[in-house]
Amino acid sequence: MSVSLEKIINQKLADIFAELGFNQNFAVIKTSDRPDLSDFQCNGALALAKSEHKNPREIAAQIAAALQQDADFSAVSVDGPGFINLKVNDTLIASTIDNISADERLGCDKVAEPQKIVLDSGGPNVAKALHVGHLRSAVIGESIRRIEKFVGNDIVSDVHFGDWGTPMGMILAEIIRQDGNLSKTETYTIEDISAFYKRANIRCKEDEDAKETARKITAELQNGNAEYRKAWQHLRSVSVAAVKKNYEELAAHFDLWLGESDAHETCAEIVNIAKDKNVAELDDGATIVRLEETNKPKPPVILVKSDGGYSYQVTDIATIKMRVDDLHAQEIIYVVDKRQSLHFEQVFEVAEKLGIAPNVKLQHIGFGTVNGADGKPFKTRDGGVMNLEDLIKLSKDKVRESMPEPTEEYNAEYIEKLVSQIAIGAIKFQDLKNNIASGYIFELDDFAKFDGKTGPYIQYAVARINSILRKAGALKGGNVVISNAEERDLALKIMQLNNIVMRAHEAKEPSIISDYAYTLAQTFSSFYNTSPIMSAETPQLAASRLRLAALVRDILTLLLNLLGIEAPEIMLKKA
RNA sequence: GUGCCCGUAGCUCAAUUGGAUAGAGUGUUGGCCUCCGACGCCAAAGGUUAUGGGUUCGACCCCCGUCGGGCACGCCA
């Protein structure tokens, strides 16, 4: 038997609908929009009105009449145009909570048919420090990875390193310009390489010849020039090491550290397939694929540039083929800036034309940009982009200010660990509380406060429950009883967990999780404020409330984990 | 020029995909620490959902127009 009350009620409804001859697709409840009237509502009668050619209230009344026979409901009513409102018996609520509490997955389902998913997030580049733009991709990607894993899918994340484009030639050209050759390359650090790249970037913007040289070197590198390859190998490994450090701090995990360069061989295959299938043509010296322009103009996809180098489009197409052939992907998810949406439309369409990913679900989860106060992509005061590392440091500094002096019990190391957990939690929650698709205004000041709808608020709720549980000592949680409105509200809120996780999974939308985590913590705080736990009227009530508190703690910890945020055991604050 | 996205409380964002009285945070005002952690709780004020029409039992959501904003449009990735 399922631990989900929602499913139990849906089954009851389905039986009634079947008996009355109604379409069972509409036999579903949802959390009530009117908590003053009901716990759950069913809108099925309204949806049925059209096909049944009947007054929705009449249909609702028939269904309600059957529901009223069921002792599990304390109240059934038809309101408004035909809403069926249900109130559930307190004893049923209490036993449901006991079941959830006893379940190791806290009542959460797994998907019926697990899929092999490849997740493409990250997207860092050689020689470029991670900046705020990389934050969203890493943070959202990590959360989606954890959610999919939790619901039972087999998900593999790939950082998809940008290591094969013209910037490679630009850096090599710049090194040659300074040193005369590439002999010193292997002594260069990540800082040196970034500096070379910055100079090269400026030069290539101003000087068409420099750009041409860079393109030539890139093409030769791609075609196997041994000297270039050797130097490039160093640039890549140094960059990977630097970026790994950043991602580790954010707790963003990647199973694979492949890059564009790994798709090089397959690019040639793609070009051949395109030629075989007669979808490629030569245009201005470039090999391109034209796309159907049904309702909107679509630029062609360039496979091979006129200089002989592969475009990033063919690289992405080849990468799809590899992920399907080698990793057996059934689904590929790209967590990439939404400004790339046309690119992915094109790439997916070519993949379809070439038949390299049959029955594979390809989807681009495009996220909005992190913006400054002016609504444009976030820049530092001097006009540059803000480094991720600097951002993390700023947040940590703010948190550290609020910490007490180290003591014997909590030494400096302990406090620093806490600072990191809270600062990273604040940054990540700030990002994940917004819908993926919408950008958000980034306020540095938001890191000065940890009140309201923030990561630390939820961390605090967890720490406070931990504190209660420590004080409870030998006292153990016991069967849940509902004795007041706050307990009832909390119990109903807890029962939404499974639904929330499944919705977040289906929509690939972590903000559904973050929003719920916040309201659950909030509901708990109200409960906490009105319902004493240790000094409850009876031992039974104390045991019940202790179980509720422990369950909320476990759920919040799970939710934070799905968001990629740590839940510290305790929180400290300056006296 | 063409296409895509957006416009909701002073500010930053929601609204379970067409359902009831559009909700949170922040800011403002006022209450609550002798009591399990006040990074907390309770309350008040704040809205013609840019605008004009349409579709239907019912629209922030779907369709058309207008105004305003963002983004993308072949050899950067």
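The structure presented is a predicted model; accordingly, all values stated were derived computationally and were not measured. Within every chain, numbering begins at 1; the chains are lettered A, B, ... in the order of the sequence lines, protein sequences first and strands thereafter.
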Report the residues that fulfil side chain to side chain donor-acceptor pair (under 3.5 Å) with [X], sequence neighbours left out, ordered by chain and then residue number.
X	answer
A/E6	A/N499
A/Q459	none
A/R215	A/E212
A/R339	A/D337

Just how far, in rounded Å, is [atom2] of [N] from [atom1] of [X]?
X	N	atom1	atom2	value
A/Q346	B/rG3	CD	P	16 Å
A/L86	B/rA20	CG	P	17 Å
A/I458	B/rG40	CD1	P	12 Å
A/D431	B/rG25	CG	P	21 Å
A/Q421	B/rC39	CD	P	19 Å
A/Y457	B/rC39	OH	P	12 Å
A/F527	B/rC36	CZ	P	15 Å
A/F367	B/rC5	CZ	P	19 Å

State whether [X] and [Y] are salt-bridged, where the test is any N-O pair (Lys NZ or Arg NE/NH1/NH2 against Asp/Glu carboxylate O) under 4.0 Å.
X	Y	result
A/E349	A/K298	yes
A/D163	A/R236	yes
A/K428	A/D431	no

Do [range] as a string where each nucleotide becomes B, S or -: B if the base has a protein heavy atom under 4.0 Å, S if just the sugar-phosphate does, - if no protein is that close.
range	answer
nucleotides 30-35 of chain B	------
nucleotides 72-77 of chain B	SSBBSB
nucleotides 13-19 of chain B	SSSB--B

Between [X] and [Y], is the ring centre distance below 6.0 Å?
X	Y	result
A/H343	A/Y312	yes
A/Y518	A/Y457	yes
A/F527	A/F524	yes

When we call it a touch if two heavy atoms are under 4.0 Å apart, what does [X] touch: a base, just sugar-phosphate, or nothing?
X	answer
A/Y528	base
A/N466	nothing
A/L37	base

Sequence neighbours excluded, every pair satisfying salt bridge (charged side-chain N to carboxylate O under 4.0 Å, His left out) that has a member inside residues 460-477 of chain A: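 Sorted result for residues 460-477 of chain A: A/R470-A/E569.
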Selection residues 75-84 of chain A - residue pairs positive for salt bridge (charged side-chain N to carboxylate O under 4.0 Å, His left out), sequence neighbours left out: none
A/K216 atom NZ, over 12 foreign heavy atoms within 6.0 Å: no
More than 12 heavy atoms from other groups under 6.0 Å of NZ on A/K508: yes
B/rC42 glycosidic torsion: syn (within 90° of 0) vs anti: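 Anti, angle beyond 90° from zero.
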A/Q41 side-chain N/O to A/I29 backbone N/O, donor-acceptor pair under 3.5 Å: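 Absent.
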Heavy-atom check, side chain of A/E566 versus side chain of A/L560, under 4.5 Å: no
With A/D283 via salt bridge (Lys or Arg N to Asp or Glu O under 4.0 Å) - residues at least two apart: A/R290
Any A/S526 side-chain nitrogen or oxygen under 4.0 Å from OP1 or OP2 of B/rC42: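 Yes.
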Dot-bracket summary - RNA chain B, pairs being Watson-Crick or G-U whose distances fall under 3.5 Å, with | when paired to another strand: (((((((..((((.....[...)))).(((((.......))))).....(((((..]....))))))))))))....
Members of residues 565-574 of chain A that approach RNA chain B, where some heavy atom sits under 4.0 Å away: A/I570, A/M571, A/L572, A/K573
